[in-house]
**Student:** 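Here you go, one structure.
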Amino acid sequence: MKKLIYTSLFIFLFLNTNVTAQYVPKNISRQEMKKAEHWVDKTYKRLSQDEKLGQLFIVALYTNRGESEIDKVRNIVSNDKIGGLILMQDDAAREIKLVNEFQQKSKVPLMIGMDAEWGVFQRIPTAHKYPWAMTLGAIRDKSLIEQMAAKIAEDCHRMGINWDFAPVVDVNTNPNNPIIGNRSFGSEVSNVVSSALSYSNGLQNNNILAAIKHFPGHGDTNTDSHLDLPVVSHNLERLNSVEIAPFKALMDKGIGGVMVAHLYVPALESGKGIPASVSKNIITGLLKDQLGYKGLIITDALNMGAVANKYKPGELDAMAFKAGNDIMLFSQGVAEGKKLIQKAIDNGEIPQARVEESVKKILLTKYFLGLDQYQPKNPENINSDLNNDSHKTLVQNLYSNALTLLKNEKNLLPLNGRTVYYVPLEEAPYQTFANRLGTHIIIKKAGEINTIPANSTVIAGFHKDNSTAYKPYKISEASKKILADLTKNQNVILDVFGSPYALRDIDLSKVSAVLVSYENNDDSMTAAADALNGKTVIHGRLPVLVNDGLKAGMGIDLNSSVVK
């Protein structure tokens, strides 16, 4: 496997193939350049036109929808000679076996992608979950994010995955965003850029391609593009300073892919209702010509309601390619799309040079990812390889570094072993946190708070359901009332096991200490309990603007009370 180290923007022009690359191995030798040139040129020349067009498509492989669904993909791989697959739910061993089968049958090695923003757990439930981007955005030492992405890369290699469709670089300025939210590093451009660069480097320095998404910016939307077409109505000045800014900052950092969103952005596209993903003005005019991006440009999934409800399969693919995309992701009509693209070429609407540009770019990427020397993966022990102590140790350290202390009046933290009452609130499990706090903790249910002696130290835990990244963060009126009642005659520590946006309408004026733990799972609860007990330091920073009193960047450092 070739060591892939992505560098700053370095446009490499192969003499015979006219391939341009956003990504080139560092200090590449002339001999290695010639080998790459030879492989790309030789492979391209032995493809028929139909096979060349097939390279432009990635289709979805589900293993939890029965054999008939798998057979459909099997036929598409064999008949349409597609360029790649995106792995979806759910069984890792089954997916590895199928990828091995499909790779063996493919004339050109397949690019295997996955949405693995928080690791392959996003699609493989037996894998270990890594923190969401918003949690990572609270971490000040960005090298930890690079370490995490390197571990995700290791997991991807184990699965036979070459491309992680991550990181999200949308700037989440809308607390009510239904689809980005926890998937964003935060509401500040600089934090998003530094976090995303570390994530991308962790992937690409370990031979897994990254893809920054969702161009030109999905952070301020109130519609889920899986369901309908969101509108981003900001003017050019705002778009350039916020939405597009992370993409511009990362364009010259060697990141190999950009994913284009299904968004309507009137300031960038004059055609009414035309999504960015099929807009030539946005993809060719802005992304390629103005910003000078040379890497692979891929659509967001073409089965999403924002576009799938408005265009026919195949028609949508042809529109996307004509607009400037190199790859159509999650195509619902490969055969139809190929016919329509060829028809547009025959009619002079698309030059054949566009096919050559995209296909050679795809082939070059495959070469530098080592796909010219594909080796089958072994499905044995895959679940334990994706979920073991090495994952747990890393992940708990990430959660520990994300913990953000917003108040610590009366110096209630760390607890230093004193007796503390604990009141779990909201809908999600809490027992891991309670157990980890230790024997000096007395649990009281919401209906028992009147039995807590006055002037006690009480931890109130907002445990939100984090079973998906899209669960509501809002706190119930009942929990707000209990918190208010506790503050009347107790010293209250509030710990939020959920999005910091949960604090938007919480009265914190009488709460003595406030900690944001970001997520509610065993790893985050363990990290939070250790920090409250003084075993680890707290030095995270708020990644988003919550309200006028809780601004991005806020946080108090708290040293460990344990002598090491």
**Student:** Do F165 and I86 come within less than 4.5 Å of each other through their side chains, counting heavy atoms only?
**Tutor:**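 They are in contact (side-chain heavy atoms under 4.5 Å apart), so the answer is yes.
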**Student:** Report yes if some heavy atom in the side chain of L263 is under 4.5 Å from a heavy atom in the side chain of P216; otherwise report no.
**Tutor:**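 The answer is yes, as the side chains (C-beta and beyond) meet within the 4.5 Å cut-off.
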**Student:** Classify the ring geometry of Y501 against Y473: parallel below 30°, tilted from 30° to 60°, perpendicular beyond 60°.
**Tutor:**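 Ring orientation, 0 to 90° scale: tilted.
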**Student:** Looking at E146, K142, M148, Q204, which hits side chain to side chain contact (heavy atoms under 4.5 Å, CB included) with Y199?
**Tutor:**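 Single side chain to side chain contact (heavy atoms under 4.5 Å, CB included) partner of Y199 among E146, K142, M148, Q204: M148.
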**Student:** Evaluate side-chain hydrogen bond (donor to acceptor under 3.5 Å, both in side chains) for H262 paired with S277, printing each intermediate quantity in order.
**Tutor:** CA-CA 5 Å; H262 306 311; S277 52; 2.7 Å; yes
**Student:** Give a yes or no on whether a salt bridge exists between D372 and K366, defined as a side-chain N under 4.0 angstrom from a carboxylate O.
**Tutor:**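 Between K366 and D372 there is no salt bridge, as every charged N stays at least 4.0 Å from the carboxylate O atoms.
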**Student:** Could you go step by step and tell me if Y374 and N100 meet the side-chain hydrogen bond (donor to acceptor under 3.5 Å, both in side chains) rule?
**Tutor:** CA-CA 9 Å; Y374 174 76; N100 287 340; 2.7 Å; yes
**Student:** For K105, does the NZ atom have more than 12 heavy-atom neighbours from other residues, nucleotides or ligands under 6.0 Å away?
**Tutor:**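 It does: K105 NZ has more than 12 such atoms within range.
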**Student:** Please determine whether the number of non-hydrogen atoms from other residues, nucleotides or ligands lying under 6.0 Å from atom NZ of K310 exceeds 12.
**Tutor:**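 Above 12, so yes.
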**Student:** Tell me, do E356 and Y44 make a side-chain contact under 4.5 Å, heavy atoms counted?
**Tutor:**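 When only atoms from C-beta onward are counted, Y44 and E356 do touch, with a gap below 4.5 Å.
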**Student:** Can you tell me if CG on D389 sees more than 12 non-hydrogen neighbours from other groups inside 6.0 Å?
**Tutor:**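 Check fails, neighbour count at 12 or below.
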**Student:** I'd like to know if E315 pairs up with K343 as an ion pair, taking the criterion as any Lys NZ or Arg NE/NH1/NH2 lying under 4.0 Å from an Asp or Glu carboxylate oxygen.
**Tutor:**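 Judged by the 4.0 Å cut-off on N to carboxylate O distance, E315 and K343 do not form a salt bridge.
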**Student:** Does D50 form a side-chain hydrogen bond (donor to acceptor under 3.5 Å, both in side chains) with S48? I'd like the steps, not just the answer.
**Tutor:** CA-CA 5 Å; D50 186 64; S48 67; 5.2 Å; no
**Student:** Can you name the residues that form a ring pair (Phe, Tyr, Trp, His ring centres under 6.0 Å) with F321, not counting sequence neighbours?
**Tutor:**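 Listed in chain order: nothing, the list is empty.
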**Student:** Do you see a donor-acceptor pair shorter than 3.5 Å between the side chains of Q55 and K361?
**Tutor:**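 No.
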**Student:** Any non-hydrogen side-chain atom of F102 less than 4.5 Å from a side-chain atom of V99?
**Tutor:**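 Contact flag for F102/V99 side chains = no.
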**Student:** Using side-chain heavy atoms (C-beta onward) and a distance below 4.5 Å, is K360 in contact with T43?
**Tutor:**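 No. Closest side-chain heavy atoms not under 4.5 Å.
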**Student:** Do V77 and L85 make a side-chain contact, defined as non-hydrogen atoms from C-beta onward lying under 4.5 Å apart?
**Tutor:**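 Yes; the side chains approach each other to less than 4.5 Å.
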**Student:** Counting heavy atoms not belonging to K107, are there more than 12 under 6.0 Å from its NZ?
**Tutor:**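 Yes, NZ of K107 has more than 12 neighbouring heavy atoms, counting only those of other groups under 6.0 Å.
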**Student:** Any salt bridge linking D300 with K213? Criterion: basic side-chain nitrogen under 4.0 Å from a carboxylate oxygen.
**Tutor:**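 K213 and D300: not salt-bridged.
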**Student:** Can a donor-acceptor pair be found, under 3.5 Å and without considering hydrogens, that links the side chain of D228 to the backbone of A306?
**Tutor:**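 Checking the backbone N and O of A306 against the side chain of D228, no donor-acceptor pair under 3.5 Å is found.
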**Student:** Is it true that S400 and N397 share a donor-acceptor pair across their side chains at a distance under 3.5 Å?
**Tutor:**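 No, no side-chain donor-acceptor pair sits under 3.5 Å.
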**Student:** Salt-bridged, R74 to E101, with N to O below 4.0 Å?
**Tutor:**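 Yes, R74 and E101 are salt-bridged.
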**Student:** Taking only residues at least two apart or on different chains, which pairs with a member in residues 125-138 satisfy side chain to side chain donor-acceptor pair (under 3.5 Å)?
**Tutor:**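 Listed by first then second residue: T126-N383, H128-N387, H128-D523, K129-Y399, K129-E519, Y130-D155, T135-E519.
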**Student:** Any Lys/Arg nitrogen of D41 or K34 sitting under 4.0 Å from an Asp/Glu carboxylate oxygen of the other?
**Tutor:**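 Judged by the 4.0 Å cut-off on N to carboxylate O distance, D41 and K34 do not form a salt bridge.
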**Student:** Between T432 and R436, is there a side-chain donor-acceptor contact under 3.5 Å, judged purely by atom types and distance?
**Tutor:**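 R436 vs T432: no donor-acceptor pair found between side chains.
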**Student:** Does a side-chain heavy-atom distance below 4.5 Å link I58 with S331?
**Tutor:**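 Heavy-atom side-chain distance check fails, nothing below 4.5 Å.
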**Student:** Mark yes when over 12 heavy atoms from residues, nucleotides or ligands other than K288 sit less than 6.0 Å from its NZ; otherwise mark no.
**Tutor:**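 Above 12, so yes.
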